[in-house]
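The block underneath contains the structure these notes are about, expressed in structure tokens.
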Protein chains: 2
Amino acid sequence: MLNQLIDTLKKDEVNWARFMDQFVERNIPSKTILLSEGGISNQFHFIKKGCLRMWFNKDGKDITFQFFFEDQAVASIDSLLSNQPSMFSIESIEPSTLLSINKKSFELICQVYPEVRDGFQNILFKRFSNYAQLFLSRIKDTPRERYEDLVLNHPEIIKRVPQHYIASYLGISPISLSRIKNRK
Amino acid sequence: MLNQLIDTLKKDEVNWARFMDQFVERNIPSKTILLSEGGISNQFHFIKKGCLRMWFNKDGKDITFQFFFEDQAVASIDSLLSNQPSMFSIESIEPSTLLSINKKSFELICQVYPEVRDGFQNILFKRFSNYAQLFLSRIKDTPRERYEDLVLNHPEIIKRVPQHYIASYLGISPISLSRIKNRK
DNA sequence: TTCTAACGATAACAATTGTTAAGAAAACCA
DNA sequence: TGGTTTTCTTAACAATTGTTATCGTTAGAA
């Protein structure tokens, strides 16, 4: 997703080196909270290795919204753009390696490269559209249908994400997920 | 919502008259389908009088996403912007009076007024944010909590929208909605 | 290697919701 | 005004899901 943006940056080797300095690489263990719901987000994370999830909590009820793997950008866009408290938490599911950049540095990049800014707007729109699809599927489809979609179209999730997080993503208890799997 | 845009247009009386010609006023009876799911949307509607709903269907299951009343703009934004089939249907709940404008005319307006285009982008972002809130509430909150929120914060909906559409919005059967109301 | 923690599957019971049906009231149309 | 349609409430029954508990397996840490 951010690959296109990074490709744009790479065309200019001088500034590429300069901006890469703005990215901080770090290793984090499993279950590291990168952002808590209600906190203000000021970072983008680029996953070099590992898996993250974006989730929120309601009365102790854990609901996962999206999983992220290598080569994907992760941020709480709502908080980033509006400087308001984030609706989501971001947490690692596996030990992971991240490249992180803060909002200010990223905005500097956008000033130097209008095409990066435009590309970012495009990415934003696409991500909002993707969220709309997730939203609709969440409402429209039964947990079973959504599980089957994961099996067919997102085998990486099935392979690497613990069942109880998958259940959290489907909005059901882990016990109900076991039942769904047994009904095949 | 489109009020700001229209205020911008009104500042220029010559062009205001020209562009108002692009709006078509029409009266529609209750249960008029303005846009079907899967169709391509090329219109904005501004509600002068009446009430519309945006909804989608899954296996005969009717799920309402949002209600619109007077002074609100209605469009299937996903389809409008992407020229792809709409995820939603738009339908009148009451006999209504609409001011409608097609996409091309609206784009002409945006070319003449860059500030309209920018304002529109802002409105888009706000609407996407609002959809995100609706989305989260839809997942996070129980139908009962969401019904109580309607009673407190959206009495117009309670007053004017038939119960079974409210149930559709809450994602439950009308029978379950009766039960919720009885448990107060 | 051993111990501990995490994870997944399953059973039993309770709670909730959907479907079908029926009846009453309200709204609409000729 | 009378007839029809729509809407809402309620009951009965079925289906689904959640909660609690238990057990076995796997992964991680010392």
Side-chain angles (χ1 to χ4, degrees), chain A residues 27-33 49-53 55 57-64 67 91-96 138-148 150-151 155-184, chain B residues 27-33 49-51 53 55 57-64 67 91-96 138-148 150-151 156-184:
Chain A
N27 294 292
I28 54 172
S30 185
K31 302 194 179 183
T32 302
I33 308 281
K49 184 183 82 64
C51 171
L52 307 186
R53 71 170 180 144
W55 60 282
N57 180 281
K58 172 68 194 293
D59 302 328
K61 187 177 166 190
D62 180 324
I63 300 171
T64 298
F67 300 108
E91 177 186 29
S92 59
I93 290 183
E94 301 171 347
S96 307
R138 185 66 166 71
I139 298 179
K140 259 189 167 184
D141 301 324
T142 62
R144 182 197 180 98
E145 285 167 337
R146 294 176 61 232
Y147 176 73
E148 284 171 351
L150 288 186
V151 172
E156 188 82 349
I157 291 179
I158 300 293
K159 194 163 119 196
R160 292 170 62 174
V161 176
Q163 293 283 82
H164 63 98
Y165 287 128
I166 292 177
S168 167
Y169 172 79
L170 299 175
I172 56 177
S173 72
I175 284 84
S176 292
L177 178 55
S178 285
R179 287 176 181 143
I180 284 172
K181 290 162 68 178
N182 267 344
R183 271 190 237 126
K184 291 207 307 189
Chain B
N27 294 292
I28 53 171
S30 183
K31 301 195 178 183
T32 303
I33 307 282
K49 184 184 82 64
C51 172
R53 72 170 179 142
W55 61 282
N57 179 282
K58 172 67 193 297
D59 303 328
K61 188 177 166 191
D62 180 323
I63 300 172
T64 299
F67 300 108
E91 178 186 31
S92 58
I93 289 182
E94 302 171 347
S96 307
R138 184 68 164 73
I139 298 178
K140 262 188 162 183
D141 302 323
T142 62
R144 182 198 181 98
E145 286 168 335
R146 293 177 64 231
Y147 175 74
E148 286 170 351
L150 288 186
V151 171
E156 188 83 347
I157 290 178
I158 299 291
K159 193 163 117 194
R160 291 169 63 175
V161 177
Q163 292 284 85
H164 65 98
Y165 288 129
I166 292 177
S168 167
Y169 172 79
L170 298 174
I172 57 178
S173 70
I175 284 86
S176 291
L177 177 54
S178 285
R179 287 178 182 143
I180 283 172
K181 291 162 66 179
N182 266 345
R183 273 189 237 128
K184 291 213 296 194

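To find a chain, count down the sequence lines: A is the first, B the second, and so on, and within it residues start at 1.
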(request) Look at the side chain of B:Arg179 and decide which nucleotide, out of C:dG18, C:dA12, C:dT10, has an atom nearest to it. (result) C:dG18
(request) Rounded to the nearest angstrom, tell me the gap between atom CZ in A:Arg144 and atom P in D:dT16. (result) 10 Å
(message) Whole angstroms only, please: what is the NZ-C1' distance between B:Lys61 and C:dG18?
(response) 10 Å
(request) State, yes or no, whether a side-chain contact exists between A:Ile172 and A:Ile180 at a heavy-atom distance under 4.5 Å. (result) yes
(request) Please examine the side chains of B:Leu150 and B:Tyr169, heavy atoms only from C-beta on, and report whether any two atoms are closer than 4.5 Å. (result) yes
(message) From CD of B:Glu145 over to P of C:dT16, roughly how many Å is that when rounded to an integer?
(response) 13 Å
(message) Has B:Arg146 got a side-chain atom pairing as donor or acceptor with B:Lys140's backbone, closer than 3.5 angstrom?
(response) no
(request) Would you mind reading off the bend of the helix from C:dT1-D:dA30 to C:dA30-D:dT1 from its two end axes, five pairs each, to 10 degrees? (result) 60°
(request) Whole angstrom is fine here: how far is it from CD1 in A:Ile158 over to P in C:dG8? (result) 11 Å
(message) Is A:Asn182 close enough to C:dT10 that one of its side-chain N or O atoms is under 4.0 Å from OP1 or OP2 there?
(response) yes
(request) Could you tell me the separation between the CG atom of A:Asp62 and the C1' atom of D:dG18, rounded to a whole number of Å? (result) 15 Å
(request) Would you indicate which nucleotide in D:dT17, D:dC8, C:dG18 comes nearest to any side-chain atom of B:Ser173? (result) C:dG18
(request) Would you indicate whether the side-chain heavy atoms of B:Cys51 and B:Glu94 approach each other to under 4.5 Å? (result) yes
(request) Please check if the side chain of B:Ser92 supplies one atom and the backbone of B:Thr32 the other of a donor-acceptor pair under 3.5 Å. (result) yes
(request) For C:dG18, take OP1 and OP2 only and decide whether either is under 4.0 Å from a side-chain N or O of B:Ser176. (result) yes
(request) Report which part of the nucleic acid A:Pro174 touches: base, sugar-phosphate, or nothing (heavy-atom distance under 4.0 Å, all strands). (result) nothing
(request) For B:Lys31, answer base if it contacts any base atom (sugar-phosphate contacts may also be present), sugar-phosphate if it contacts only those atoms, and nothing otherwise; contact means non-hydrogen atoms under 4.0 Å. (result) sugar-phosphate
(request) Round to the nearest Å and state the distance from A:Leu177 atom CG to D:dG18 atom P. (result) 11 Å
(message) Less than 4.5 Å apart, side chain to side chain, heavy atoms only: is that true for B:Arg53 and B:Asp62?
(response) yes
(request) Please report, rounded to the nearest Å, how far the P atom of D:dT17 is from the CZ atom of A:Arg146. (result) 13 Å
(message) Do B:Pro95 and B:Pro29 have side chains that approach each other closer than 4.5 Å (heavy atoms only, starting at C-beta)?
(response) no
(message) Quick check: closest heavy atoms across B:Arg138 and B:Gly171, and the distance to 0.1 Å?
(response) NH2-CA, 3.5 Å
(message) For A:Pro143 and B:Pro162, find the nucleotide of DNA chain D closest to each by heavy atoms; which residue's nucleotide sits nearer the 5' end?
(response) B:Pro162
(message) Without decimals, in angstroms, what is the distance between B:Lys181 NZ and D:dC8 C1'?
(response) 8 Å
(request) Identify whether any heavy atom of A:Ile172 sits under 4.0 Å from a base atom; if not, whether one sits that close to sugar-phosphate; answer base, sugar-phosphate or nothing. (result) sugar-phosphate
(request) Verify the contact: side-chain N or O of B:Gln163 to OP1 or OP2 of D:dT9, cut-off strictly under 4.0 Å; return yes or no. (result) yes
(request) Return the nearest nucleotide to the side chain of A:His164; candidates are C:dG8, D:dT7, D:dT20. (result) C:dG8
